[in-house]
Number of protein chains: 2
Amino acid sequence: MDFKFSSRVPNVDNDVVGEILKVAGDPEIISFAGGLPAPELFPVKEMHEAADKVFEKHGAEALQYTAAIGNPHLRELIVERMQTNKEVTTTVDNVCITTGSEQSIDLVAKMMVDKGDVILVEKPTYLCALDVFRSYGAKVVGVDMDEEGMKMDALDEKLSEYPDTKFIYTIPNFQNPTGRTMTAERRAKMVELAEAHGVTILEDDPYGEIRYSGVAVPPVKHFDKNGTVVYMNTFSKILAPGMRLGWIVADKKFIDMFVVMKQSADLHSDNLSQFIVAQYMEDNDLDKHIKAISDVYYERASLMLKEIDEQFPAGVKHSNPEGGMFIWVEVPGNVNTMDLFNNCVKHNVAFVPGEPFYPDEVIPGTFRMNFSNMKADQIHEGVRRMAAAIDEMMN
Amino acid sequence: MDFKFSSRVPNVDNDVVGEILKVAGDPEIISFAGGLPAPELFPVKEMHEAADKVFEKHGAEALQYTAAIGNPHLRELIVERMQTNKEVTTTVDNVCITTGSEQSIDLVAKMMVDKGDVILVEKPTYLCALDVFRSYGAKVVGVDMDEEGMKMDALDEKLSEYPDTKFIYTIPNFQNPTGRTMTAERRAKMVELAEAHGVTILEDDPYGEIRYSGVAVPPVKHFDKNGTVVYMNTFSKILAPGMRLGWIVADKKFIDMFVVMKQSADLHSDNLSQFIVAQYMEDNDLDKHIKAISDVYYERASLMLKEIDEQFPAGVKHSNPEGGMFIWVEVPGNVNTMDLFNNCVKHNVAFVPGEPFYPDEVIPGTFRMNFSNMKADQIHEGVRRMAAAIDEMMN
């Protein structure tokens with residue numbers, strides 16, 4: 001039958017990202033397009049031990065419904081981590097467990113955005129966030145960024161230009177897609193500007209703890225004394241994404257409404273997985289595990305940067321991330337990276353073209369490369385193939 | 001700070017249901033207000049064994065991201081069950097795993113409903129579905145029902161009255177809140193009417209397999225030859241709700257779009273739990289387990305009905321469910337059941353008043369009682385307390 005879909009439904013005839021991922025899934029292709037953590041680093045044995053304990057001690061409870069706000073013990077452990085690892089002081093009443101960051105973004109958008117409302121984002125930014133924001137009718141406006149993150153003079157200008165801004169969406173650490181990190185000064189300034197304009201900040205911090213060089217910068221939330229910042233994080237990159245568990249930290253008034261929205265979305269997040277992760281954190285040193293992940297990603301990032309420097313043509317620029325999972329590349333000469341993508345696929349290598357990361361005006365000649373789930377030989381060979389394809393396009 | 005919420009946000013100053021559940025959570029109170037399965041019946045040992053196997057055989061895979069449509073093996077098992085237990089012939093490409101029924105309802109509403117669109121529902125119906133539909137701006141219109149489910153002449157009338165109807169939402173088996181089951185004739189007729197009007201049917205079947213008397217009726221989906229029916233079910237009532245896993249079965253065109261919407265909501269449902277449930281189904285006889293649940297619920301329902309007949313005042317009517325978790329009670333004399341609720345709380349017993357289940361016009365003097373998670377002594381004592389409170393209100 002012909003279904004009468006709503007206006008929220010995206011135009012799937014124009015699903016560039018879906019097409020890219022489909023091509024990138026071809027086993028012949030070395031794909032730098034994904035964003036998957038390295039599965040060989042998952043603590044399978046430790047998670048199994050944690051699951052055993054949960055079934056033995058809390059079996060029926062973990063299989064029953066629970067409160068939408070989430071497992072109290074897991075929220076306590078998150079409160080502790082927010083203090084020790086993030087310099088953010090909070091309470092269990094300010095923490096809600098979510099079914100991963102994608103849900104956090106979706107529910108915040110649903111509860112904040114009416115058709116035509118403005119959301120300010122880094123230019124470029126996480127493309128799935130753009131899709132979610134648009135599904136609620138938001139007008140997404142890009143704010144210029146440089147190597148030090150979103151530019152505060154540009155933000156100030158946009159806040160004045162769009163007084164109906166509902167929130168600023170930022171990924172301050174090892175940003176997706178650029179890998180860049182915002183300076184502490186700009187974070188403090190962002191809070192100041194948001195407060196002056198009465199605008200909320202949605203801080204997305206999935207990669208913050210995957211730091212392998214440089215010095216940690218406290219989150220934007222650290223500089224917030226008035227509940228302006230809604231902070232979100234996830235276990236996907238520091239532990240395992242398959243369990244779909246994330247969390248938000250926010251003002252109590254915000255959390256109360258968020259919990260109502262979450263209840264309408266999926267009642268609560270997987271209770272068994274919440275118990276298992278809490279047990280894992282109780283019995284293991286999560287920081288040590290994150291250090292092990294970071295060490296491997298450091299090797300992979302360093303190798304990819306070295307190969308890019310050696311093999312890509314002169315004039316190609318790239319970000320130098322101190323953590324996270326992505327490198328951002330800029331090719332001179334207004335190269336259309338969708339065309340470059342198609343040419344790379346002929347060379348059996350893939351990446352994500354820059355276009356879909358841009359909320360409005362597109363800066364040509366940019367693309368994202370992922371290294372977290374790539375072995376050394378794949379990095380070496382994949383960059384060699386890409387270099388050949390770029391050479392063809394530039395000459 | 002003052003948050004600028006969207007128009008989708010419900011009025012929580014008027015959160016009747018929240019208040020009811022809060023009161024009902026008081027340990028002094030015998031609560032027939034909930035809708036929880038009996039946790040003592042969860043197959044904890046078998047689920048633990050299944051989890052062990054998953055960690056041993058598929059550990060890293062189960063902890064990694066997966067496709068939004070869900071675990072292929074679990075979808076195969078669902079296809080088999082749809083055939084053997086539901087007389088519905090389908091394929092894995094027509095099945096999408098969801099994060100429970102609440103998510104299925106939410107995503108179908110999001111992808112179908114624009115502000116002002118009409119959804120036709122049984123009068124009364126599942127109150128959380130009403131909340132979700134309204135959050136997308138739907139105009140929800142009630143269709144009269146009797147002991148045999150939604151009335152087809154009334155449906156035909158409403159379909160003609162509201163040509164902009166997006167879908168009909170129905171719970172054909174042991175309906176929430178009434179416990180009633182729609183006849184096979186009406187199910188076939190519903191498909192016929194929906195097709196004549198070009199309207200989709202959303203069939204919600206969480207309780208269908210919890211049948212303890214009478215003869216099973218095939219789902220509405222069974223009568224559908226043209227993709228008119230979107231069928232949804234869940235593991236919450238037949239296995240365990242804590243894992244938040246449900247599924248939908250629909251036309252391929254619908255599934256393709258649903259998967260896009262799901263990806264924006266939470267990327268995919270908990271992968272570890274999907275593996276565990278598939279392994280459980282592989283190693284155990286789920287039908288035998290459901291029979292054991294149904295036997296216990298039959299005892300509890302029978303006891304509650306007997307106590308109601310013996311203790312409630314003359315003139316009180318109730319449904320006679322052949323399965324599920326709820327009994328629907330009608331008190332004569334236009335009793336306001338919110339007032340009755342408050343009086344019952346004074347007697348340390350609770351239920352859910354009928355009002356919030358009605359989409360539009362409210363029929364006074366009705367309420368819902370749950371028996372699935374109540375032991376015999378609680379049923380006996382709780383009904384006795386309610387009878388005393390009803391007596392006071394009616395005299």
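So that the names make sense, note that chain A is the first sequence line, chain B the second, and so on, each numbered from 1.
Of all the listed residues (A:Ala240, A:Pro241, A:Gly246), the one sharing the greatest number of non-hydrogen pairs under 4.5 Å with chain B is A:Pro241. Ranking B:Gln64, B:Lys4, B:Met112, B:Met47 against chain A, the residue ahead of the rest is B:Gln64, based on heavy-atom pairs under 4.5 Å. Heavy-atom pairs under 4.5 Å with chain A peak, among B:Ser273, B:Gly100, B:Ala109, B:Cys128, at B:Ser273. With respect to chain A, the highest number of heavy-atom pairs below 4.5 Å among B:Leu63, B:Asp251, B:Asn271 belongs to B:Leu63. Your options are A:Ala129, A:Gly198, A:Ala51, and the one with the most heavy-atom pairs under 4.5 Å with chain B is A:Gly198. In terms of heavy-atom pairs under 4.5 angstrom with chain B, the leader among A:Lys115, A:Arg244, A:Glu40 is A:Arg244. Comparing A:Leu245, A:Leu41, A:Val199, A:Val230 by how many heavy-atom pairs each has under 4.5 Å with chain B, the most go to A:Val199. Top candidate by heavy-atom pairs under 4.5 Å with chain B, chosen from A:Leu36, A:Thr98, A:Leu239, is A:Leu36.
With a 4.5 angstrom heavy-atom cutoff, A:Phe42 touches chain B only via side-chain atoms. There is no contact between A:Glu61 and chain B, counting heavy-atom distances below 4.5 Å. B:Ile276 touches chain A through its side chain: at least one heavy atom from C-beta onward sits under 4.5 Å away, while N, CA, C and O do not. Neither the backbone nor the side chain of A:Val54 comes within contact range of chain B; no heavy atoms are under 4.5 Å apart. For A:Ser104, no part lies near chain B; criterion is any non-hydrogen pair under 4.5 Å. Proximity to chain B is absent for every atom of A:Ile105, based on heavy atoms less than 4.5 angstrom apart. For A:Met261, the part lying near chain B is the side chain, with the backbone staying farther off; criterion is any non-hydrogen pair under 4.5 Å. Within the 4.5 angstrom heavy-atom criterion, atoms from both the backbone and the side chain of A:Asp52 approach chain B. Contact annotation for A:Lys110: both backbone and side-chain heavy atoms come within less than 4.5 Å of a heavy atom of chain B. Contacts between A:Asp114 and chain B at a heavy-atom distance below 4.5 Å involve backbone atoms as well as side-chain atoms. For a residue to count as touching a neighbouring chain, one of its non-hydrogen atoms must lie under 4.5 Å from one of that chain's; by this rule B:Ser101 does not touch chain A. Within the 4.5 angstrom heavy-atom criterion, no atom of A:Thr66 approaches chain B.
For the pair A:Asp2 and B:Lys253, the minimum side-chain heavy-atom distance is below 4.5 Å. When side chains are defined from C-beta on, A:Gln263 does not count as touching B:Glu102, because their heavy atoms never get closer than 4.5 Å. In this structure, A:Ser236 and A:Met243 have side chains that are not in contact, with every pair of non-hydrogen atoms separated by 4.5 Å or more. Counting heavy atoms from C-beta on, the side chains of A:Phe254 and A:Ile248 come closer than 4.5 Å.
Judged purely by atom type and a 3.5 angstrom limit, B:Gln103 has no side-chain atom pairing as donor or acceptor with the backbone of A:Leu267. At least one donor-acceptor pair closer than 3.5 Å links the side chain of A:Lys221 to the backbone N or O of A:Val229. Listed for the B:Thr165 side chain is no donor-acceptor partner under 3.5 Å among the backbone atoms of B:Val118.
Using modelled atom types and a 3.5 Å distance limit, the side chains of A:Ser269 and A:Lys262 yield a donor-acceptor pair. Donor-acceptor pairing under 3.5 Å is lacking for the side chains of A:Asn284 and A:Glu49.
Note that CG of A:Asp117 and OH of A:Tyr136 are 13.5 Å apart. Values are rounded to the nearest 0.5 Å.
The aromatic rings of A:Tyr280 and A:His289 sit perpendicular to each other, their planes meeting at more than 60°, with 30° as the lower class boundary.
Applying side-chain contact (heavy atoms from CB on, under 4.5 Å) to B:Val220 and the options B:Ile201, B:Leu202, B:Thr228 leaves one that passes, B:Ile201.
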